[in-house]
Amino acid sequence: MSTLSVHSRQNNLERMSSEKFDLLVIGGGITGAGVARDAASRGLRVALVEEKDFAWGTSSRSSKLVHGGIRYLEQYEFGLVFEALSERQRLFEMAPHLVHPLKFAIPLYESGRVKPALLKLGMMAYDFLSLYDAPELHQSYSPSELLHEYPQLQSDGLLGGFTYYDAYMDDDRLVHETLRSAAHHGAVVSNFVRAESPIEDQGQIVGVFCKDMISNNSFSLSARHIVSCVGPWTDLLGEQMIPQWKPIMRPSKGVHLVFERGRLNLGEAVVMAAEKRIVFAIPRHEMTIIGTTDTDFSKDPGQVATEKEDVDYLLGVAQKYFPGANLTKSDIISSYSGVRPLVHDGSTTESGTSREHVILHHPKGVTFVAGGKYTTYRHMAEEAVLGVLDQWGPEEQIRYKDSKTLRPLNAKCSPVLWERASTEASRMSDEGFRLLNRKDLSRLADRHGMEFLDLLEKYAPSNSEGRTSDEILWEIELRHAMEETMCLRMEDFFFRRVPLFLARKDHGQSMNEPLSKVMAEVLGWSEKERLDQVNALQKQISSELSWRD
Ligand SMILES: Cc1cc2nc3c(=O)[nH]c(=O)nc-3n(C[C@H](O)[C@H](O)[C@H](O)COP(=O)(O)OP(=O)(O)OC[C@H]3O[C@@H](n4cnc5c(N)ncnc54)[C@H](O)[C@@H]3O)c2cc1C
């Protein structure tokens with residue numbers, strides 16, 4: 001059984017309260033997952049606690065891009081762009097099933113803020129900073145060439161534009177795969193555990209009092225060093241851990257709207273650069289995402305919500321750029337909002353605030369990692385762990401010097417095996433595999449690489465009579481999510497394991513009954529618990545879309 005199975009959680013909690021760890025990582029977003037993986041792969045004894053579901057915070061609410069960040073060139077953040085472009089290449093190798101190359105077009109307009117000559121220089125710099133190692137280098141386009149490729153685009157005042165490459169990804173699944181890898185290297189991990197207050201000995205923090213948010217039991221967790229990876233909650237945790245904590249964060253809210261792919265059918269992404277801040281239109285899988293906004297946010301990050309004004313603003317930008325698509329509010333399938341864990345750098349505007357990460361080593365034995373981007377998480381995690389080892393001295397620096405974070409996150413999803421999975425799925429369909437139709441089988445292979453064969457072997461229902469391929473696919477995904485990513489609630493599956501909430505018009509609600517019954521069977525829920533879970537899911541969906549009221 002995997003140590004990230006729902007059935008392993010209790011055992012993990014017992015280990016957390018009885019063993020002594022080298023590192024306790026607080027926060028199960030991409031930063032915490034990255035730190036846990038890096039540290040565990042060096043041989044350190046690592047525990048990780050997450051207050052809610054893994055990736056529940058900002059890490060499931062990003063623009064889902066692995067990118068160098070073309071817009072950071074405007075702020076002369078060349079170092080950040082270089083680092084991000086290097087990590088982008090690494091992620092293609094580490095997670096080909098989660099990170100996919102994507103072409104971006106930047107149309108330029110007479111009335112636009114960005115001037116063609118300046119952007120040309122930016123494009124050249126972007127190629128150079130990638131060391132010319134991109135799926136394709138930038139290209140210039142005339143207005144007619146652009147309109148040929150993007151017929152829905154605004155043609156009035158179009159001057160032409162450029163294309164370049166970056167990537168889209170599955171943000172929540174990147175967290176889960178990173179955590180699986182951390183657990184594979186020995187990290188002891190649990191969701192729904194809140195770190196509450198420090199345990200001190202002679203002025204040093206030697207552990208943390210934690211609370212299991214499911215049973216409400218409290219326990220103490222001993223660790224030689226604590227690493228805070230709580231993103232936008234950094235000041236809140238800082239205040240709990242360190243007396244006289246001085247706030248360092250400047251959180252900012254970002255909203256995205258999701259359209260059905262058919263409604264705004266772009267072959268490639270479009271960068272809407274004429275606005276005050278760049279807004280992207282990103283085709284990915286079965287949806288097109290429009291985002292994002294960037295506004296200061298000082299409330300509890302857990303309370304972030306999409307407001308009517310956010311929707312009006314983003315829809316307005318999309319309507320302006322794609323008049324041919326005739327988009328209206330009723331075309332919006334779903335929306336989501338998140339809080340950027342930015343660190344205050346004295347900038348006057350939200351979008352001017354640097355995306356660089358900050359790592360603070362407090363002498364009491366706590367390291368705070370904040371800021372940064374998804375794209376650079378591996379590098380940021382490495383820097384944080386090396387910083388901790390620095391404090392421990394040369395002997396341990398040598399003992400723990402080798403990390404294994406450049407290896408594929410999932411051994412069955414190396415670039416070669418990921419491609420082989422697609423061939424294998426086609427072959428199986430050709431040879432008459434009927435449990436899943438061709439599209440769904442190839443989708444399973446695309447999402448899981450060669451692990452898709454394990455999923456079929458372990459989780460395919462023995463009796464598929466009268467059931468559609470779609471139903472069977474989600475049941476397989478659900479069983480896998482429970483066994484391998486500690487998926488404990490309906491909401492966690494619909495929102496952070498598969499794109500049911502995000503990409504389906506009914507938010508996957510037609511699947512509520514069969515999927516809740518599978519969860520009830522695996523987790524031993526009573527009928528009341530099952531219905532409570534379905535209600536909680538529906539409530540969460542309504543709350544995410546409350547701007548519609
Ligand atoms: C709108 C938006 C768009 C973005 N787009 C991109 C993009 O396209 N590409 C990119 O590279 N980056 C992007 N980013 C940035 C990126 O998403 C974040 O930098 C990253 O997700 C931060 O991850 P994190 O793990 O630090 O924080 P989080 O994901 O927020 O994780 C912190 C976790 O800590 C937990 N926690 C808090 N307190 C406690 C406690 N006391 N005990 C236990 N757990 C606790 C929370 O529940 C949370 O899950 C975007 C950000 C936003 C908001």
Side-chain angles (χ1 to χ4, degrees), residues 24-36 48-69 71-72 80 83-84 87-88 91 99 102 166-169 171-172 174-175 178-179 190-198 208-211 213 221 226-241 249 251-256 269 277-280 282 284 289 291-295 297 300-302 304 306 310 336-343 350 355-358 368-377 380-381 384 496:
L24 164 61
V25 180
I26 306 177
I30 193 62
T31 309
V35 169
L48 179 144
V49 293
E50 160 57 50
E51 178 175 351
K52 302 237 164 74
D53 181 30
F54 303 126
W56 181 87
T58 310
S59 297
S60 53
R61 304 155 192 254
S62 76
S63 301
K64 308 180 194 298
L65 298 177
V66 163
H67 60 156
R71 83 178 186 85
Y72 309 133
L80 177 66
E83 183 189 312
E87 288 300 309
R88 182 188 71 183
L91 278 163
V99 182
L102 180 65
D166 263 322
Y168 71 97
M169 55 134 172
D171 53 3
D172 36 22
L174 195 53
V175 174
T178 305
L179 281 173
S190 184
N191 48 8
F192 297 100
V193 173
R194 181 164 72 207
E196 298 214 299
S197 55
V208 170
F209 290 110
C210 294
K211 184 170 177 184
M213 305 303 286
L221 197 157
I226 316 296
V227 187
S228 158
C229 301
V230 295
W233 286 268
T234 299
D235 283 334
L236 289 172
L237 191 70
E239 279 162 19
Q240 281 165 263
M241 291 283 166
M249 304 301 289
S252 100
K253 171 176 143 179
V255 169
H256 292 85
R277 119 175 266 289
I278 285 177
V279 177
F280 292 102
I282 309 159
R284 62 191 307 280
I289 295 183
T292 174
T293 58
D294 197 352
T295 47
F297 189 78
D300 173 356
V304 66
T306 306
D310 303 318
Y336 60 95
S337 50
V339 182
R340 288 179 195 81
L342 304 183
V343 178
E350 303 90 325
R355 268 56 181 165
E356 288 276 10
H357 62 266
V358 165
F368 292 88
V369 189
K373 287 150 55 73
Y374 239 104
T375 312
T376 50
Y377 88 94
M380 190 162 87
R496 281 170 294 279

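Basis for what follows: all heavy atoms, side chains included, without hydrogens, waters or symmetry-related copies. Indexing begins at 1, ligand by ligand and atom by atom, following the structure's order.
Side-chain contact between K64 and I289 is present, with at least one heavy-atom pair separated by less than 4.5 Å. With a 4.5 Å cut-off on side-chain heavy atoms, V255 and Y336 do not count as touching. In this structure the side chain of T58 reaches within 4.5 angstrom of the side chain of P341, judged on heavy atoms. A 4.5 Å side-chain heavy-atom check between V343 and M249 finds at least one atom pair inside the cut-off. Counting only heavy atoms from C-beta outward, the side chains of L102 and R284 never approach each other to under 4.5 Å. By the 4.5 Å heavy-atom criterion applied to side chains, E51 and V230 are not counted as neighbours. In this structure, the side chains of K373 and S62 stay at 4.5 Å or more apart for every pair of heavy atoms. Inter-residue side-chain proximity for I26 and W233 is flagged as unmet; no heavy-atom pair is nearer than 4.5 Å.
For atom 27 (O) of ligand 1, the closest non-hydrogen atom of the protein is G231 CA, 3.6 Å. Here the protein heavy atom with the shortest distance to atom 31 (O) of ligand 1 is G29 CA, 3.6 Å. Closest protein heavy atom to atom 29 (O) of ligand 1: S59 OG, 2.5 Å. The single protein non-hydrogen atom nearest to atom 9 (N) of ligand 1 is L65 O, 2.7 Å, given as residue, atom name and distance. Distance from atom 41 (N) of ligand 1 to its nearest protein heavy atom, with residue and atom name: A195 O, 3.1 Å. At the top of the distance list for atom 44 (N) of ligand 1, counting protein heavy atoms only, stands E51 N, 3.1 Å. The single protein non-hydrogen atom nearest to atom 14 (N) of ligand 1 is S62 CB, 4.0 Å, given as residue, atom name and distance. Among protein heavy atoms, the minimum distance from atom 51 (C) of ligand 1 is reached at R340 CG, 3.6 Å.
In the vicinity of T31, heavy-atom distances shorter than 4.0 Å reach the ligand 1 atoms 23 (O), 24 (P), 25 (O), 26 (O). Listed by atom number, the atoms of ligand 1 under 4.0 Å from G338 heavy atoms are 53 (C). Taking every heavy atom of H67 and a limit of under 4.0 angstrom, the matching atoms of ligand 1 come to 7 (C), 8 (O), 9 (N). Below 4.0 Å from some heavy atom of L237 lie the following atoms of ligand 1, by number and element: 41 (N). Every atom of ligand 1 with a heavy atom of P232 under 4.0 Å away is listed here by number and element: 30 (O). Of all the atoms in ligand 1, the ones that sit under 4.0 Å from a non-hydrogen atom of G57 are 29 (O), 30 (O), 49 (O). Ligand 1 places these atoms under 4.0 Å from at least one heavy atom of G254: 1 (C). Residue I26 has at least one heavy-atom neighbour below 4.0 Å for each of these atoms of ligand 1: 40 (C), 42 (N), 43 (C).
Annotation: H256 places no N or O atom under 3.5 Å from an N or O atom of ligand 1; distance criterion only. Residue R61 has no nitrogen or oxygen atom sitting less than 3.5 Å from a nitrogen or oxygen atom of ligand 1, judged on distance alone. On a distance-only criterion, K52 and ligand 1 share no N/O pair closer than 3.5 Å. Checking only distances, I30 does come within under 3.5 Å of ligand 1, N or O to N or O. The shortest N or O to N or O distance between R194 and ligand 1 is not under 3.5 Å. Of the N or O atoms in E50, one or more lie within a sub-3.5 Å distance of an N or O in ligand 1. Considering backbone and side-chain N/O of G372, one or more are found under 3.5 Å from N/O of ligand 1. Considering backbone and side-chain N/O atoms, T375 comes within less than 3.5 Å of an N/O atom of ligand 1. The distance criterion of under 3.5 Å between nitrogen or oxygen atoms is met by S63 with respect to ligand 1.
Using a distance-only test at 3.5 Å, with no hydrogens or angles considered, no donor-acceptor pair links the side chain of T31 to the main chain of C229. Although no hydrogens or angles enter the test, the distance criterion places no donor-acceptor pair under 3.5 Å between the side chain of T292 and the main chain of H256. Here the side chain of R194 pairs no donor or acceptor atom with the backbone of V49 at under 3.5 angstrom. Under a 3.5 Å cut-off, the side chain of Y374 and the backbone N or O of D171 do form a donor-acceptor pair.
Contacts of S60 classified as side-chain contact (heavy atoms from CB on, under 4.5 Å), with partners at least two apart in sequence or in another chain: A55, D172, R496.
Residue-level proximity to ligand 1 for T292 is carried by the side chain, the only part with a heavy atom below 4.0 angstrom. Of the heavy atoms in V339, only backbone atoms (N, CA, C, O) come closer than 4.0 Å to ligand 1. Residue-level proximity to ligand 1 for Y374 is carried by backbone and side chain together, each with a heavy atom below 4.0 angstrom. Both the backbone and the side chain of V230 come within 4.0 Å of ligand 1, counting heavy atoms alone. Contact annotation for S252 and ligand 1: no heavy atom of the residue comes within less than 4.0 Å of the ligand.
Listed here is the closest heavy atom pair of F192 and D53: CZ-N, 3.7 Å. The two residues G28 and L48 have their closest heavy-atom pair at CA-CD2, 4.0 Å.
Below 30°, between 30° and 60°, or above 60°: for F280 and H67 the angle between ring planes is above 60°, a perpendicular geometry.
Judged by the shortest distance from any of its heavy atoms, D171 lies outside the 4.0 Å radius around the atoms of ligand 1.
T178 and Y377 form a side-chain donor-acceptor contact under 3.5 Å, judged by distance and modelled atom types alone.
To the nearest 0.5 Å, the span separating OG on S190 from CG on L221 amounts to 10.5 Å.
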